[in-house]
Amino acid sequence: MADDAGVEQAAVAAGEGAQPPALSKSARKKLLKQERQAERKAARKAEEKERRRADVERRRREWEEALAAAPSDEARAEMVAARRETRRERVGRRAEERGARAERLRRAAEGAGQKVVLDLEFADLMRPNEIHSLTQQIMYCYAVNGRSANPAHLWLTGCSGEMATHLQRIPGYDKWIIEKAAKPYLEAFEDHKENLVYLTADAETVLDGLDMSKVYIIGGLVDRNRWKGITLKKAAEQGIQSAKLPIGNYLKMSSSQVLTVNQVFEIMLKFVETRDWKTAFFHVIPQRKRGEAGAGDGEAKVRLDDNDDVAEGARNGNLSEEDLEKVLDEVDDDDGVEELEDEETDVSNKRQCVRHEDAGAGDQDRSGAVAEATPAGVEATPQAGQAKESNDRGED
């Protein structure tokens, strides 16, 4: 026994001192590429942060200079009142837009919209960063659906566990006009199983169009290609139809040939609007991923996945900080009351700036900085981006 223990300890010691296995050439290239992408992303984020800071400072300075140049206290008060009214009008327009968006989404849920399901039953197959990426794509789906003149009746099924936890962190998520079900889609549509169609690039059937009587399922899986063929297999085992979008009839995809969940969803929305697949594909698929137009390779497989091109971040799920704020603003269904309250505080600060203007440049700078803490046109909202992953279920 002692000898056995000694051998085991020696083996552990040898293991601890051993060097990790050398990476293959392709693995080293992949690692270097990821490092370069991370460096570029960090640099872009820093540049964007600095640009926004400079923009806020410029507008604050211009406002202070305009106030200082006013011929009288009365003129300054009029300027502040005019600016307040402009902000109130903007808040009013936003409230109207939110109301119109909510009405469109309600009509879609009452039967006017094409039924689309995001299948979230794959959370246990994903890493935390992959679930985070999918959450951002879902957020963008909801935002683009709200903007659409003909929104879909959007469902989230299998929405439980870690996936539900991530979604709950989205500001305003509880107010979304969307169907949320912890149960799987087979239970949610148990009386309409014959109408279920799982979209996957591995399917043999190619869609000619979208049928309002059908329920189209987009698999919510970001998996770095670990689970190839899983959505087609799932559909076959469940005895439901499967199909792919006719991308190969219109495009020869270049480079990585992957699409995100939100890209597939947006393609469907665009087709509902135009009834033209080519228009939908060219509107949504990034140019760098498009090859030749026209009768393409019918065998081209396009799998759902994340895209690392930050230039197309909003559409591809890799949202920059500014893009994320815009999307959050669209998905937040509050009535604008909080913004009005913030605005009143801002106006009060501006009045304080006017009252203390003659106190000296130092005081004016301090009050002006407070007054412009939330300058016109800058909204106070947070949010997210897409990591570079592959989803096999590939909604063509």
Side-chain angles (χ1 to χ4, degrees), residues 48-49 51-108 139-140 142-151 170-177 314 319-357 364-383:
E48 177 63 16
K49 185 176 182 180
R51 185 195 67 76
R52 295 177 66 197
R53 187 204 63 76
D55 192 48
V56 169
E57 175 62 23
R58 174 184 58 78
R59 284 193 268 183
R60 182 192 66 79
R61 187 172 59 252
E62 290 174 353
W63 171 246
E64 289 181 353
E65 290 172 353
L67 281 178
S72 64
D73 288 346
E74 291 77 10
R76 282 190 287 273
E78 289 176 1
M79 290 172 61
V80 171
R83 184 163 181 163
R84 177 182 60 188
E85 183 60 27
T86 297
R87 288 193 173 187
R88 282 189 169 277
E89 290 175 356
R90 187 180 73 248
V91 170
R93 285 194 301 271
R94 289 180 61 196
E96 290 178 4
E97 290 168 0
R98 282 175 173 156
R101 181 175 70 229
E103 180 59 28
R104 291 195 302 272
L105 292 172
R106 277 191 287 268
R107 286 200 305 269
M139 182 174 66
Y140 189 74
Y142 184 72
V144 76
N145 199 40
R147 287 199 303 268
S148 174
N150 301 289
I170 300 175
Y173 173 73
D174 289 336
K175 301 177 184 178
W176 282 15
I177 304 174
L319 300 175
S320 69
E321 204 170 303
E322 186 174 20
D323 290 330
L324 179 56
E325 288 184 359
K326 293 177 182 177
V327 172
L328 277 181
D329 184 53
E330 290 179 355
V331 301
D332 184 7
D333 267 331
D334 66 47
D335 57 7
V337 173
E338 292 182 3
E339 181 173 345
L340 278 171
E341 291 174 350
D342 291 343
E343 175 201 336
E344 291 300 330
T345 301
D346 191 39
V347 170
S348 174
N349 287 331
K350 287 183 175 65
R351 287 174 177 163
Q352 185 179 10
C353 174
V354 173
R355 286 198 302 271
H356 293 285
E357 182 184 8
Q364 185 185 45
D365 285 344
R366 285 193 294 274
S367 60
V370 173
E372 285 299 316
T374 308
V378 176
E379 309 300 340
T381 26
Q383 224 111 45

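These numbers come from a predicted model, not from an experiment.
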Is a side-chain donor or acceptor of R104 paired with a backbone partner of S148 at a separation under 3.5 angstrom?
yes
If you compare all heavy atoms of [X] against all heavy atoms of [Y], which two are closest, and at what distance to 0.1 Å?
X: A68; Y: R76; answer: O-NH1, 4.5 Å
X: Y142; Y: L105; answer: OH-CD1, 3.5 Å
X: A75; Y: P71; answer: CB-CD, 3.8 Å

Can you confirm whether K49 sits close enough to R53 that some side-chain heavy atom of one is under 4.5 Å from a side-chain heavy atom of the other?
no
Would you mind reporting whether W63 and M79 have side-chain heavy atoms less than 4.5 Å apart?
yes
Rounded to the nearest 0.5 Å, what's the gap from [atom1] on [X] to [atom2] on [Y]? Could you check?
X: W176; Y: N145; atom1: CH2; atom2: CG; answer: 10.5 Å
X: R60; Y: E65; atom1: CZ; atom2: CD; answer: 9.5 Å
X: R106; Y: R101; atom1: CZ; atom2: CZ; answer: 11.0 Å

Applying side-chain hydrogen bond (donor to acceptor under 3.5 Å, both in side chains), can you list everything that pairs with E89, at least two apart in sequence or on another chain?
none
For E103, what residues pass the side-chain hydrogen bond (donor to acceptor under 3.5 Å, both in side chains) criterion, not counting sequence neighbours?
none
E62 bridged to R58 by N-O distance under 4.0 Å
yes
Salt bridge between E48 and R51, side-chain N to carboxylate O under 4.0 Å?
yes
